[in-house]
Amino acid sequence: MAKVLVSDPIDQVGIEILSQVAQVDIKTGLPAEELIKIIPEYDALMLRSGTRVTQEIIEAGTQLKIIGRAGVGVDNIDVPAATRQGIIVVNSPEGNTIAAAEHTLAMMLSLSRYIPDANASVKAGKWDRKSYIGSEVYKKTLGVIGLGKIGSHVATVAKAMNMKILAYDPFISKERADRLGCTLVDLEFLFAEADYITLHIPKTPETTHLINAETLAKMKPNVRIINCARGGIIDEEALVEAIESGKIAGAALDVFEQEPLGESRLRELGSKVILTPHLGASTEEAQVNVAIDVAEQIRDVLLGLPARSAVNIPGLTPDVMEKLRPYLRLAETLGNLVGQLAGGRIERLTVKLQGDLAEVNSQPIVIASIKGLLSQALRERVNYVNAAIEAKERGIRIIETKDASVRDYSGSLYLEAQGSMGEHSVTGALLSNGEIRITDLDDFPINVPPSNNMLFTLHRDMPGIIGKIGSLLGSFNVNIASMQVGRKIVRGDAVMALSLDDPLPEGLLSEITKVAGIRDAYTVKL
Ligand SMILES: NC(=O)C1=CN([C@@H]2O[C@H](COP(=O)(O)OP(=O)(O)OC[C@H]3O[C@@H](n4cnc5c(N)ncnc54)[C@H](O)[C@@H]3O)[C@@H](O)[C@H]2O)C=CC1
Ligand SMILES: O=C(O)C(=O)COP(=O)(O)O
């Protein structure tokens, strides 16, 4: 039975889903050394923001097939390392959107009305109505940096409170911003105009310390900043200084450069600062949503099914997978075949999508072709996640072309591989019942189904040669399931494609190449 490690607190509903297919071990708060020690036993890892999944942990996870992040941000996972190792990384892109947006709005209003401090003072026995004169958000300007899922919901609600919304997001269209009632602006304008600034972007090299001493200096003195996105987008030291010196009015932070927050001057800024311990996603509803979303994907992947929100399989959503499944099988088979024909070190793979196939999303088909190509060398280590990277690391040049005018079959796929042992090409198509046919080998027309054990020859088309090959195979007790000859001109060059019921015994291939008229012979296992 598969084993899943759950390394952060996850709602029970997720554990129940995982338990349908796996042994589930819940071990939260493990130090990194412990995690490295036990990770080799596990097929899947499910976590939240509390676990840092480093390259070292990933490399130790030799059985890992999937890492599931029960939430949005995958910045605590070394995704490139997982991708190299062929491990699918999935998240729950929408499960906690509302929770994080509502936390942001709660932070904005709490900051404006000093609710945390006023509450603490009443609980301490005081009745101080003078120290907590707040300000309204009504008719104020909110600058939203990152108008994605959470930023959009924040903007929509803030709009209903009669705030004016400026948004900065270079990847969002003006039409979308218009629909949300937001004005798209550049950062300089947003910094200069906003009374509140809220961050809803991922932490990337571009967004790290986006809020720093220089950008803080461009803001209004009354500005309040809310960060419920990621620690490190704000330079905390610069923020402390800006608040202390009165350059800005305050900040509400849910996320920090170091989590848990250690010793920090942020704790000493009184009612101007609100700090919460990364609670954005901590609602009952969000935790149920993300647990179901991610546990289902882990379960599916362990059952050999596709994941619906993998962050490291480009363009391969389950819908696409379902639609293209027969073509992906075709591409993998042809990739495997041409890889074995070209042999040894492959330098270049050309993938040509022909006929109706020229109209579909080619990326998954190219990836499937590469997966097939590398499957002899890498076996089960190559998959849809790492195929492209593995090809790149091996210096294999991938050329993709399309030709809608080829009409031999409604759609066909042509692969050509240049390897250390030569250049070969194959074409294949699907019959209406979904069966694969190899329709062309090195530009010779044939029509054979792929089979486990195949023999291909390049020979001179002359009487007796087929008989000789047949009797040679017979003398080694190899049964022929089907045989096809393809030629362009009579008595010219030709190819023979044989499907064999048995693998070719050692030594037989060299015997075949000795037959007069045989130029080359290849065995292939599909
Ligand atoms: N505090 C918490 O507990 C939670 C935090 N988050 C964090 O909130 C953030 C936003 O999450 P979602 O809205 O779900 O993500 P999303 O992917 O829907 O939106 C992110 C937006 O940021 C934009 N963006 C990317 N780079 C940018 C840049 N350099 N400048 C401006 N905009 C840029 C993108 O175009 C996108 O529209 C993420 O960092 C996520 O990890 C999410 C859930 C809970
Ligand atoms: O989903 C996210 O990106 C979050 O930051 C939520 O983090 P959490 O799952 O509560 O540790």
Side-chain angles (χ1 to χ4, degrees), residues 6-11 14 28-29 46-53 67-77 79 89-108 143-156 166-174 176-177 180 182 184-191 197-211 215 226-234 252-256 259-261 274-291 293-295 309 311:
V6 174
S7 64
D8 283 315
I10 304 289
D11 192 274
T28 59
M46 183 162 175
L47 62 128
R48 287 173 56 196
S49 62
T51 307
R52 179 151 291 280
V53 188
I67 298 174
R69 168 28 166 145
V72 180
V74 291
D75 48 307
N76 52 326
I77 301 168
V79 178
V89 179
V90 300
N91 69 349
S92 170
E94 289 170 17
N96 60 25
T97 301
I98 299 300
E102 290 185 359
H103 195 73
T104 305
L105 293 155
M107 291 286 239
M108 180 172 71
V144 178
I145 301 185
L147 199 57
K149 291 180 284 293
I150 298 169
S152 297
H153 191 69
V154 168
T156 305
L166 303 179
Y168 171 70
D169 189 326
F171 309 105
I172 289 287
S173 68
K174 186 177 172 304
R176 169 143 178 83
L180 290 164
C182 306
L184 271 188
V185 295
D186 62 25
L187 262 187
E188 298 292 309
F189 190 84
L190 187 148
F191 288 148
I197 293 177
T198 185
L199 305 173
H200 300 289
I201 46 181
K203 186 183 172 208
T204 62
E206 294 77 47
T207 64
T208 299
H209 285 189
L210 180 73
I211 307 298
T215 51
I226 303 123
N227 186 8
C228 291
R230 274 295 172 272
I233 300 173
I234 299 180
L253 309 177
D254 184 46
V255 286
F256 303 91
E259 293 184 15
L261 180 67
I274 301 178
L275 310 174
T276 52
H278 203 142
L279 291 181
S282 293
T283 63
E284 283 172 17
E285 295 87 344
Q287 284 314 305
V288 169
N289 291 344
V290 298
D293 205 359
V294 172
S309 27
V311 302

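We count ligands from 1, going down the list as the structure has it; atoms in each ligand are counted the same way.
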For this session: Under the side chain to side chain donor-acceptor pair (under 3.5 Å) rule, what do Asp254 and Thr276 come out as? Steps first, then yes or no, please.
Result: CA-CA 5 Å; Asp254 184 46; Thr276 52; 2.7 Å; yes

Please list the nearest protein heavy atom to [atom] with its residue and the distance rounded to 0.1 Å.
atom                    : value
atom 1 (O) of ligand 2  : Val72 N, 2.6 Å
atom 4 (C) of ligand 2  : Arg69 NH2, 3.1 Å
atom 11 (O) of ligand 2 : Ser49 OG, 2.4 Å
atom 10 (O) of ligand 2 : Arg48 NH2, 2.8 Å
atom 7 (C) of ligand 1  : Ala229 O, 3.6 Å
atom 19 (O) of ligand 1 : Gly148 CA, 3.3 Å

Could you list the atoms of ligand 2 found under 4.0 angstrom from a heavy atom of [X]?
X      : answer
Asn96  : 1 (O), 2 (C)
Ala70  : 9 (O)
Gly71  : 1 (O)
His278 : 4 (C), 5 (O), 6 (C), 7 (O)
Ala281 : 6 (C), 10 (O)
Arg230 : 2 (C), 3 (O), 4 (C), 5 (O)

For [X], counting its heavy atoms only, list the atoms of ligand 1 lying under 4.0 Å from any of them.
X      : value
Pro202 : 22 (O), 25 (C), 39 (O)
Phe171 : 24 (N), 25 (C), 26 (N), 27 (C), 35 (O)
His200 : 10 (C), 20 (C), 21 (C), 22 (O)
Ile201 : 9 (C), 22 (O), 24 (N), 27 (C), 31 (C), 32 (N), 33 (C), 38 (C), 39 (O)
Gly73  : 41 (O)
Thr207 : 28 (C), 29 (N)
Ala100 : 43 (C), 44 (C)
Val72  : 14 (O), 42 (C), 43 (C)

Which bit of [X] is near ligand 1, meaning a heavy atom under 4.0 Å away: side chain, backbone, both or neither?
X      : answer
Asn96  : side chain
Asp254 : side chain
His278 : side chain
Lys149 : both
Leu147 : backbone

For this session: Take every heavy atom of Gly71, measure it against each atom of ligand 1, and state whether any distance is under 4.0 Å.
Result: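 Not so, Gly71 does not reach ligand 1.
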
Exercise. Run the side-chain contact (heavy atoms from CB on, under 4.5 Å) check on Asn76 and Val53 step by step: do they pass?
Worked result: CA-CA 6 Å; Asn76 52 326; Val53 188; 5.6 Å; no

Exercise. Heavy atoms, side chains only, cut-off 4.5 Å: are Cys182 and Val144 in contact?
Worked result: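 Heavy-atom side-chain distance check fails, nothing below 4.5 Å.
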
Exercise. Less than 4.5 Å apart, any side-chain heavy atom of His153 and any of His200?
Worked result: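 They are not in contact (no side-chain heavy atoms under 4.5 Å apart), so the answer is no.
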
Exercise. Can you tell which of Ser282, Gly73, Pro9, Pro277 gets a heavy atom nearest to atom 3 (O) of ligand 2?
Worked result: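 The residue whose heavy atom sits nearest atom 3 (O) of ligand 2 is Gly73.
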
Exercise. For atom 13 (O) of ligand 1, which candidate among Val154, Ile150, Leu253 holds the nearest heavy atom?
Worked result: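 Among Val154, Ile150, Leu253, the closest heavy atom to atom 13 (O) of ligand 1 comes from Ile150.
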
For this session: Of the side chain and backbone of Ser92, name the one, both, or neither that has a heavy atom under 4.0 Å from an atom of ligand 2.
Result: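 Near ligand 2, Ser92 shows nothing, with every heavy atom at 4.0 Å or more.
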
Exercise. Going through the checks in order, is the side-chain contact (heavy atoms from CB on, under 4.5 Å) test met by Ile145 and Phe191?
Worked result: CA-CA 10 Å; Ile145 301 185; Phe191 288 148; 4.1 Å; yes

Could you say whether the N/O atoms of [X] and ligand 1 ever approach to under 3.5 Å?
X      : value
Pro170 : no
Asp169 : yes
Cys228 : yes

Exercise. Checking side-chain contact (heavy atoms from CB on, under 4.5 Å) for the pair Asn91/Val294: CA distance, chi angles, key distance, verdict?
Worked result: CA-CA 6 Å; Asn91 69 349; Val294 172; 5.5 Å; no

